[in-house]
Q: 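I'd like to ask some things about the structure below.
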Amino acid sequence: QVQLVESGGGLVQAGGSLRLSCAASGRTFGRFGLAWFRQAPGKEREFVATINWSSGSAYYADSVKGRFTISRDNAKNTVYLQMNSLKPEDTAVYYCAARPTIGLLATASEYPYWGQGTHVTVSS
């Protein structure tokens, strides 16, 4: 059973930075794709970034490109989301997701495994 546990959320001022972590367990993730999604109050869940565990190749939503970086640490089985130059519109619950196939997909329905989410609030 795949388990994903997010951490690192919090309150930050606009222009600041946060690093989210997603600790993954329960499987060998060599052929997995991992992703971050977010959901703001009253809005649908939206794609943020995804990474192929084996190759490290990544793909980003236009809204975060150049500000956010997704990475993984194979030894720690952890995926990170470094968020810089944060804006109030980045405020949301951020979710880690996993799928047991490689590929850079941005659709939530493609991901069968989800974490519980971590809250990020960016004040203006």
Side-chain angles (χ1 to χ4, degrees):
Q1 181 72 11
V2 173
Q3 290 189 323
L4 304 171
V5 179
E6 302 98 331
S7 61
L11 173 65
V12 63
Q13 288 188 332
S17 298
L18 280 176
R19 189 178 78 159
L20 305 183
S21 300
C22 172
S25 62
R27 293 282 294 273
T28 300
F29 292 94
R31 293 191 62 80
F32 269 63
L34 278 292
W36 288 95
F37 288 79
R38 66 186 181 186
Q39 188 166 17
K43 294 188 177 181
E44 293 187 354
R45 191 167 299 190
E46 67 171 353
F47 167 76
V48 176
T50 185
I51 187 168
N52 273 332
W53 191 276
S54 56
S55 67
S57 57
Y59 173 67
Y60 298 88
D62 287 343
S63 59
V64 306
K65 200 173 296 182
R67 300 188 298 123
F68 291 10
T69 302
I70 189 171
S71 62
R72 87 274 189 249
D73 185 326
N74 291 343
K76 295 182 178 180
N77 260 16
T78 299
V79 174
Y80 302 99
L81 185 68
Q82 178 66 44
M83 306 186 295
N84 299 327
S85 301
L86 282 161
K87 305 174 182 180
E89 51 263 44
D90 295 317
T91 295
V93 178
Y94 283 72
Y95 296 91
C96 179
R99 49 188 292 270
T101 54
I102 59 174
L104 300 173
L105 299 185
T107 305
S109 60
E110 298 284 350
Y111 292 82
Y113 306 109
W114 291 82
Q116 81 288 350
T118 186
H119 290 257
V120 172
T121 302
V122 184
S123 63
S124 57

Q: Please check: side-chain N/O of E6 versus main-chain N/O of Q116, any donor-acceptor pairing under 3.5 Å?
A: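 Between the backbone of Q116 and the side chain of E6 there is a qualifying donor-acceptor contact (under 3.5 Å).
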
Q: My understanding is that only one of R67, Q82, M83 makes a side chain to side chain contact (heavy atoms under 4.5 Å, CB included) with S17; could you say which?
A: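 Among R67, Q82, M83, the one meeting side chain to side chain contact (heavy atoms under 4.5 Å, CB included) with S17 is Q82.
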
Q: Is the backbone N or O of S55 less than 3.5 Å from a side-chain atom of S57, with the two atoms forming a donor-acceptor pair by type?
A: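 Such a contact is absent between S57 side chain and S55 backbone.
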
Q: Return yes if some donor-acceptor pair links the side-chain N/O of S85 with the main-chain N/O of G15 below 3.5 Å, else return no.
A: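 Pair absent, no side-chain N/O of S85 close to backbone of G15.
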
Q: Would you kindly confirm whether V2 and L34 end up in one hydrophobic cluster when ILVMFWY residues are joined by side chain heavy atoms under 4.5 Å apart?
A: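 Per the 4.5 Å side-chain linkage, V2 and L34 are co-clustered.
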
Q: Check I70 against A58 and note the closest heavy-atom contact, atom names and distance.
A: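 Of all heavy-atom pairs spanning I70 and A58, the closest is CG2-CB, 3.6 Å.
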
Q: Can you see which heavy atom on G9 is nearest to which on L20, and at what distance?
A: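 Looks like N-CD2, 3.6 Å.
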
Q: Specify the closest pair of heavy atoms between L86 and V12, including all atoms of both residues, with the distance to one decimal.
A: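 For L86 versus V12, the nearest heavy atoms are CD1-CG1, 3.5 Å.
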
Q: Which heavy-atom pair separates T78 from W53 by the least distance, and what is that distance?
A: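 What the structure gives for the nearest pair is N-CH2, 3.6 Å.
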
Q: Quick one: pull up CD in E46 and CD in Q39 and give me the separation to the nearest 0.5 Å.
A: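 It comes to 9.5 Å.
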
Q: Please report the closest heavy-atom contact between C22 and W36, naming both atoms and the distance.
A: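 In terms of heavy atoms, the two residues are closest at CB-CZ2, 3.7 Å.
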
Q: To the nearest 0.5 Å, what is the distance between OG (S124) and CD (Q13)?
A: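 Reported value, rounded in 0.5 Å steps: 9.5 Å.
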
Q: Test: ring-ring contact (aromatic ring centres under 6.0 Å, His included). Region: residues 76-124. Which pairs qualify, not counting sequence neighbours?
A: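 Residue pairs with at least one partner in residues 76-124: F37-Y111, F37-W114.
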
Q: Nearest 0.5 angstrom please: I102 CD1 to F32 CZ, how far?
A: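 Result: 12.5 Å between the selected atoms.
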
Q: Please evaluate residues V122 and L18 with respect to the criterion side chain to side chain contact (heavy atoms under 4.5 Å, CB included), reporting the C-alpha separation (whole Å), side-chain torsions for both, the decisive distance (0.1 Å), and the verdict.
A: CA-CA 10 Å; V122 184; L18 280 176; over 6 Å; no

Q: Any ion pair linking D62 and K65 (charged N to carboxylate O, less than 4.0 Å)?
A: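 Between D62 and K65 there is a salt bridge, with a charged N closer than 4.0 Å to a carboxylate O.
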
Q: Nearest 0.5 Å please: distance from the OH atom of Y59 over to the CD1 atom of I51.
A: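 If we round to the nearest 0.5 Å, Y59:OH and I51:CD1 are 15.0 Å apart.
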
Q: Could you measure the distance from the OG1 atom of T107 to the CZ atom of R99? Nearest 0.5 Å is fine.
A: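 One gets 9.0 Å once the value is rounded to the nearest 0.5 Å.
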
Q: Of the non-hydrogen atoms in V48 and V64, which two are nearest, and what is the gap between them?
A: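 Where V48 meets V64 most closely, the heavy atoms are O-CG2, 3.5 Å.
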
Q: Drop me the distance from S7's OG to R19's CZ, to the nearest 0.5 angstrom.
A: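 Here the interatomic distance stands at 9.0 Å.
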
Q: What verdict does the side chain to side chain contact (heavy atoms under 4.5 Å, CB included) test give for L104 and N52, after you've listed the backbone C-alpha separation in whole Å, the side-chain angles of each residue and the deciding distance to 0.1 Å?
A: CA-CA 7 Å; L104 300 173; N52 273 332; 4.0 Å; yes

